[in-house]
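First comes the structure, then the notes that go with it.
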There are 2 protein chains.
Amino acid sequence: EEIVVSDVYSDTDQARVTITQLHDHPGVAAEVFSAVADGGVLVDMIIQNVALDGKANISFTVPPTDVARTIEALRMPLLKHGESQVSCDERIGKISVVGIGLRSHTDVGARMFHALGDGGINVQMVNTSEIKVSIVVAADQTAVALKALQKSFNLTPNADN
Amino acid sequence: EEIVVSDVYSDTDQARVTITQLHDHPGVAAEVFSAVADGGVLVDMIIQNVALDGKANISFTVPPTDVARTIEALRMPLLKHGESQVSCDERIGKISVVGIGLRSHTDVGARMFHALGDGGINVQMVNTSEIKVSIVVAADQTAVALKALQKSFNLTPNADN
Ligand SMILES: C[C@@H](O)[C@H](N)C(=O)O
Ligand SMILES: C[C@@H](O)[C@H](N)C(=O)O
């Protein structure tokens, strides 16, 4: 498959909030996001993988300035989920590889992960859309990850990256 | 925030493959996706949440006809990851809620999760892009989930849904 990647860009203006050990029952995500909405927090990425043991983890990203408010907004609703823990990481970078007309993410994914692995960069999270594969890495690895991906997909870094 | 949702659509032509207990080290995702690429498998969604205990789970979706080939392609590379297990679910449905100009996924997320929770529909996976929130539910709940979301966002179901 001819991979046509048109752009690679990064965003270090996000922080991750993760809630672990949530009951994998209908309505639980609604409780979490109602609390976050009541706190007036702007959420960008939301990632939940399948819960194979009945306990789900949900992560989402917010502006770093909103982390304290988010954790406070979750305090009350999570009281009834005794086992759930909230953790956060304010030092993350999100990098997105955009490919127009991607029929499949397999080849772009394999190439991205190779470029990152060869560079010793750990992939913390992965999220895809029809035209994009986004990953989260440590904030201090974002610049080197961005350069490695631009090189892998033959895109010249533009001046303001 | 005024939520402007323009479309809700579903796709039941996907199966989920999940690999658990992967070492959260650089290069591991590259091994997984190289094997999947060598197997000629078309991957749609890829979801990895942060690994808080050093062991990561990666899920991805493939056409149901490709599941056996995917599992076979992963057999050899995963031999060196002794603790990793591969599981799959061929009976899933993916539903996407598209909102143009979404500044934040908080309100759309809260509203989606409420509509699903009130309907007794369990959210198995969540994945977002700039303009979209996608979820995975059980295949046999996809139609009722789609209707609940169309109603929640005041979109009339079109004839071919
Ligand atoms: C964990 C959470 O997503 C739950 N499965 C729900 O449906 O709300
Ligand atoms: C789990 C896997 O994504 C690993 N963290 C990697 O970087 O390849």
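Per chain, numbering begins at 1; letters A, B, ... match sequence-line order.
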Sort by residue number and list every member of residues 129-136 of chain A having a non-hydrogen atom under 4.5 Å from chain B.
-> Ser129(A), Glu130(A), Lys132(A)
Drop me the distance from Asn49(B)'s CG to Met125(A)'s CE, to the nearest 0.5 angstrom.
-> 5.0 Å
Looking only at heavy atoms, the pair that brings His114(A) and Ala30(B) closest together is N-CB, 3.6 Å
Evaluation steps, side chain to side chain contact (heavy atoms under 4.5 Å, CB included), between Thr18(B) and Leu52(A) = CA-CA 9 Å; Thr18(B) 299; Leu52(A) 294 173; 4.0 Å; yes
Based on non-hydrogen pairs under 4.5 Å, which of Ala51(B), Ser96(B), Ala29(B) is most in contact with chain A?
-> Ala29(B)
Partner chain B: residue of Asp118(A), Asp44(A), Ile121(A), Val28(A) with the largest heavy-atom pair count (under 4.5 Å) | Asp44(A)
Measuring heavy-atom distances to chain B, does Val41(A) have an atom under 4.5 Å in its side chain, in its backbone, in both, or in neither?
-> backbone
When hydrophobic residues are tied together by side-chain contacts of less than 4.5 Å, even through go-betweens, does Ile58(A) share a cluster with Val17(A)?
-> yes
Answer with side chain, backbone, both or neither: which region of Ala37(B) has an atom nearer than 4.5 Å to a non-hydrogen atom of chain A?
-> both
Find out if a path of hydrophobic residues (ILVMFWY) with successive side-chain heavy-atom gaps under 4.5 Å connects Val137(A) to Val50(B).
-> no
According to a 4.5 Å side-chain heavy-atom criterion applied to Ile, Leu, Val, Met, Phe, Trp and Tyr, with indirect links allowed, do Leu146(A) and Met45(A) form part of one hydrophobic cluster?
-> no
Measure the CD1-CZ distance between Ile46(B) and Phe113(A) for me, rounded to the nearest 0.5 Å.
-> 5.0 Å
Distance from Phe60(A) atom CZ to Thr106(B) atom OG1, nearest 0.5 Å?
-> 8.5 Å
Name the option with the most non-hydrogen atom pairs under 4.5 Å to chain B; the candidates are Gly109(A), Ala110(A), Gly27(A).
-> Ala110(A)
What option among Val123(A), Leu116(A), Asp24(A) has the most heavy-atom pairs under 4.5 Å with chain B?
-> Asp24(A)
Any chance you could lay out the side chain to side chain contact (heavy atoms under 4.5 Å, CB included) test for Ile47(B) and Ile47(A), step after step, and finish with the verdict?
-> CA-CA 7 Å; Ile47(B) 290 185; Ile47(A) 292 185; 3.8 Å; yes
Using non-hydrogen atoms only, which part of Arg16(A) is less than 4.5 Å away from chain B: side chain, backbone, both, or neither?
-> side chain
With only heavy atoms counted, which part of Thr20(B) is less than 4.5 Å from chain A, the side chain, the backbone, both or neither?
-> side chain
What part of Ser59(B) is in contact with chain A, defined as an atom under 4.5 angstrom from a non-hydrogen atom: side chain, backbone, both or neither?
-> both
Should we count NZ of Lys151(B) as having more than 12 external heavy atoms under 6.0 Å?
-> no
Going by heavy atoms in the side chains, are Asn122(A) and Pro26(B) under 4.5 Å from each other?
-> yes
Tabulate, in ascending numerical order, the residues of residues 72-94 of chain A having at least one heavy atom closer than 4.5 Å to a heavy atom of chain B, or enter 'none'.
-> Ser87(A), Lys94(A)
Atom pair CZ (Phe33(B)) and NE2 (His105(A)), whose distance is rounded to the nearest 0.5 Å | 10.0 Å
